[in-house]
Structures are given as C-alpha cells and as structure tokens.
Amino acid sequence: MWRFFAVAFGIPWLLMPVMYHTGYAQWALLVMFAPAMGALVAGFRERPELQLSAFKHFFYPLLWVGATLAVAPLLGVRPAFGESLRLVLARSLNVLPDELPEEVVELVEVQNLLMPLAVPMALLVNTFVAFGEEYGWRSYLTPALARRLGWAKASVAVGVLWGVWHAPVLLLGHNYFYKFWPPSVLLMAAFCAAASPFFTYVYLRHGVWGAAALHGGVNAFAGLYYLLYPPEPVWLSNPAGLAGTLAWLPLSLYAYSKLRRAAKESSASADVSTPGT
C-alpha cells in the first residue's frame with residue numbers, strides 16, 4: 001500500500017513548484033490521475049465495465065448544490081444578487097472587484113447563460129478526468145481499508161486522506177482563493193470526509209464509473225453556488241467550505257446507515273452459515 005501513497009501523493013507535490021509558476025489547469029489531468037497511477041504501481045488491476053447508466057450520477061450533485069443553497073442562509077450568508085460573480089472573479093484573479101474589466105464580467109455572464117449547452121461535453125470530460133481519482137480512492141484504497149475497518153469507517157478515513165491529498169493545489173489557491181493558507185487543507189479534509197460515504201455507496205452500487213460521474217458532477221455544478229452567494233468568508237460561504245460540507249451530511253448519513261446495515265447483515269449471514277453456531 002505504501003507504493004500507492006508514494007505515487008498518489010508524490011506526483012502532486014513534485015509538480016507543485018511547476019504549477020506555482022505555470023498555473024494548475026494544464027497539469028490537472030496528470031494530478032487527478034495520480035491516485036490511479038498509484039493503484040497501478042501498487043499492483044492493483046481492475047477493468048471496470050463502462051455502462052451508460054453510470055452517467056446518470058453526474059446529475060446527483062445537483063441535490064447537494066440545492067442543499068448547499070439552503071444551508072447557506074441558515075449560517076448567516078446573505079445573497080449577493082448580481083455581485084457574486086464579480087466577487088468570485090476578483091478573488092480568482094487576486095484583484096479588487098472594481099478593478100475587473102467589464103468585458104471580462106460580461107464574457108463570463110454570457111458563458112454562464114450558455115452553460116446548459118455545454119452539459120453533454122462536461123459530462124464526458126469531467127467524468128473521464130474524475131475517473132483518475134476514483135480508480136485510486138474508491139476502487140483500490142477504500143476496499144483495501146474496508147477489509148480492516150469496514151466500509152463505513154473506511155469511507156471516512158479515505159475521505160480525510162482524499163482531502164489532504166489536495167494540499168498542493170489548495171496551497172496554490174485552488175477552491176479557497178488564498179495561496180499558502182493552511183486552513184484550506186483542513187476545510188477540504190472535512191469536506192471530503194463528509195462526502196466520502198456517499199461516494200462509497202455509489203461505488204458499491206454502480207461501480208467506479210458511477211463514482212467518477214458523481215465526482216465529475218460535483219466539479220461541474222459546484223460553481224452554481226456563486227450565482228447566488230458571494231465567496232465571503234471563504235471558509236463559510238463556499239461549496240467546499242462549511243456550507244457545502246454540511247450539505248453533504250444528509251446524503252452521507254443515509255449512505256453511512258446503508259453501509260452499516262449491509263455490514264451487519266453480512267456478519268449475521270456469516271454466523272448463520274458457520275458450522276457449530
């Protein structure tokens with residue numbers, strides 16, 4: 001298993017100096033396939049069957065986005081109609097909102113209006129890219145830990161590791177905008193730990209491609225949050241902040257209960273079938 005961790009965590013950290021100077025986007029594919037490469041180096045071999053039904057899970061994250069939009073005002077976040085997009089762009093470009101060229105804002109607004117037309121392409125591209133992570137986290141590591149911890153506990157443990165794995169890109173400002181801001185790693189670890197049981201549940205029912213479609217949907221639809229709410233403060237009003245983390249809990253608690261129940265039924269079945277009991 002150590003080979004998996006060495007490759008999965010090593011590649012993003014080795015690329016961090018390069019990403020610092022050239023940006024994250026052009027290295028995203030290699031970084032996101034690091035867990036899959038780690039699994040292969042560890043000797044794991046699985047050829048998952050791709051079924052079209054798996055792609056329906058791309059739209060499940062809309063439930064999570066809706067829950068995030070509902071949770072945010074309960075945490076005191078106020079909508080910023082018409083200003084949220086400008087604030088997000090300013091954060092991303094590290095400039096003041098008033099310094100943003102109007103042409104840039106208008107271009108992004110048009111892109112958002114055309115977003116529904118891009119859904120089919122986003123479904124395919126995001127699912128493929130997310131497969132690199134899910135092959136490592138869900139196909140390899142979660143079952144390996146589940147043999148020792150059970151599916152429920154293994155899901156949470158993998159979620160924490162999954163969140164910490166993002167550290168190199170988080171420290172470069174990904175998701176939380178601030179560069180070299182250590183709390184971003186803790187926030188992401190909590191977010192992934194909250195989401196992971198639901199990812200495991202989808203993986204067990206629909207395979208790694210189902211989990212990859214779910215992951216791709218999260219990446220595709222998370223930005224919808226900013227159409228209504230501002231990115232202030234980033235630890236709270238953020239799809240990967242406290243609002244988004246709490247929004248995963250209903251889905252993951254449901255999945256957690258299903259995983260626990262399945263484990264108990266499996267144990268009871270084993271006891272019944274054991275001679276002399």
Side-chain angles (χ1 to χ4, degrees), residues 12 19 24-25 28 31-32 60-97 108 112 115 126 130 133 137 155-199 214-256:
M19 292 189 290
Y24 165 72
V31 169
M32 293 184 73
Y60 280 19
L62 289 173
L63 297 173
W64 162 70
V65 172
T68 305
L69 294 175
V71 166
L74 299 178
L75 298 175
V77 180
R78 295 183 178 181
F81 299 104
E83 291 298 316
S84 294
L85 181 60
R86 180 182 293 274
L87 292 171
V88 171
L89 288 173
R91 278 286 192 184
S92 300
L93 299 175
N94 196 28
V95 299
L96 295 174
V108 175
N112 285 337
M115 187 182 297
N126 285 25
E133 286 192 46
W137 301 124
S155 297
V156 177
V158 169
V160 173
L161 293 168
W162 178 27
V164 173
W165 170 82
H166 288 83
V169 295
L170 296 176
L171 295 175
L172 294 178
H174 186 59
N175 281 356
Y176 301 98
F177 307 110
Y178 292 119
K179 290 186 177 181
F180 301 104
W181 188 53
S184 64
V185 181
L186 298 178
L187 288 166
M188 195 65 180
F191 174 83
C192 290
S196 189
F198 190 71
F199 274 75
L214 176 68
H215 192 153
V218 170
N219 292 346
F221 296 124
L224 294 175
Y225 175 87
Y226 291 125
L227 296 179
L228 184 59
Y229 294 110
E232 302 283 353
V234 294
W235 64 269
L236 173 64
S237 182
N238 189 309
L242 182 60
T245 298
L246 292 177
W248 274 115
L249 293 184
L251 292 169
S252 281
L253 287 173
Y254 170 79
Y256 191 89

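The structure displayed is predicted, hence computed values, not measured ones.
- For the atom pair Ser155 OG and Trp137 CH2, the distance stands at 13.5 Å (nearest 0.5 Å).
- For the pair Met32 and Ala130, the tightest heavy-atom approach, listed with the atom from each and the gap, is CE-CA, 4.0 Å.
- Taking both residues in full, the closest heavy atoms of Tyr225 and Ala72 are given as OH-CB, 3.6 Å, listed atom of the first, atom of the second, then distance.
- The nearest pair of heavy atoms linking Pro231 to Phe177 is CB-CE1, 3.7 Å.
- Across Leu170 and Gly163, no two heavy atoms sit closer than the pair CD1-O, 4.3 Å.
- Here OG of Ser237 is found 13.0 Å from CZ of Arg78. Values are rounded to the nearest 0.5 Å.
- Between Phe198 and Tyr60, the two ring planes are tilted [angle within 30° to 60°].
- Considering only heavy atoms from C-beta on, Pro61 comes within 4.5 Å of Leu214 through its side chain.
- Counting heavy atoms from C-beta on, the side chains of Val31 and Trp165 come closer than 4.5 Å.
- Residues Leu172 and Phe180 have side chains in contact (heavy-atom distance under 4.5 Å, counting atoms from C-beta outward).
- How far CH2 of Trp235 is from OG1 of Thr245: 11.0 Å, rounded to the nearest 0.5 Å.
- Remark: Thr68 OG1 to Leu63 CG distance equals 10.5 Å, nearest 0.5 Å.
- Atoms CH2 and CG, from Trp181 and Leu187 in turn, are 5.0 Å apart once rounded to the nearest 0.5 Å.
- Between Trp248 and Trp64, the ring planes lie parallel to each other; the angle is under 30°, not in the 30° to 60° tilted range.
- Nearest heavy-atom pair, Ala195 versus Ser252, reported as atom, atom and distance to 0.1 Å: O-OG, 3.5 Å.
- Between Ala240 and Met188, the shortest heavy-atom distance links the atoms CB-SD, 4.3 Å.
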Legend entry - Residues Leu246, Leu74; criterion side-chain contact (heavy atoms from CB on, under 4.5 Å); working and verdict: CA-CA 11 Å; Leu246 292 177; Leu74 299 178; over 6 Å; no
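- The main-chain N or O of Asn175 is found under 3.5 Å from a side-chain atom of Asn238 such that the two form a donor-acceptor pair.
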Legend entry - Verdict with supporting geometry, Trp162 and His215, ring-ring contact (aromatic ring centres under 6.0 Å, His included): CA-CA 12 Å; Trp162 178 27; His215 192 153; 5.5 Å; yes
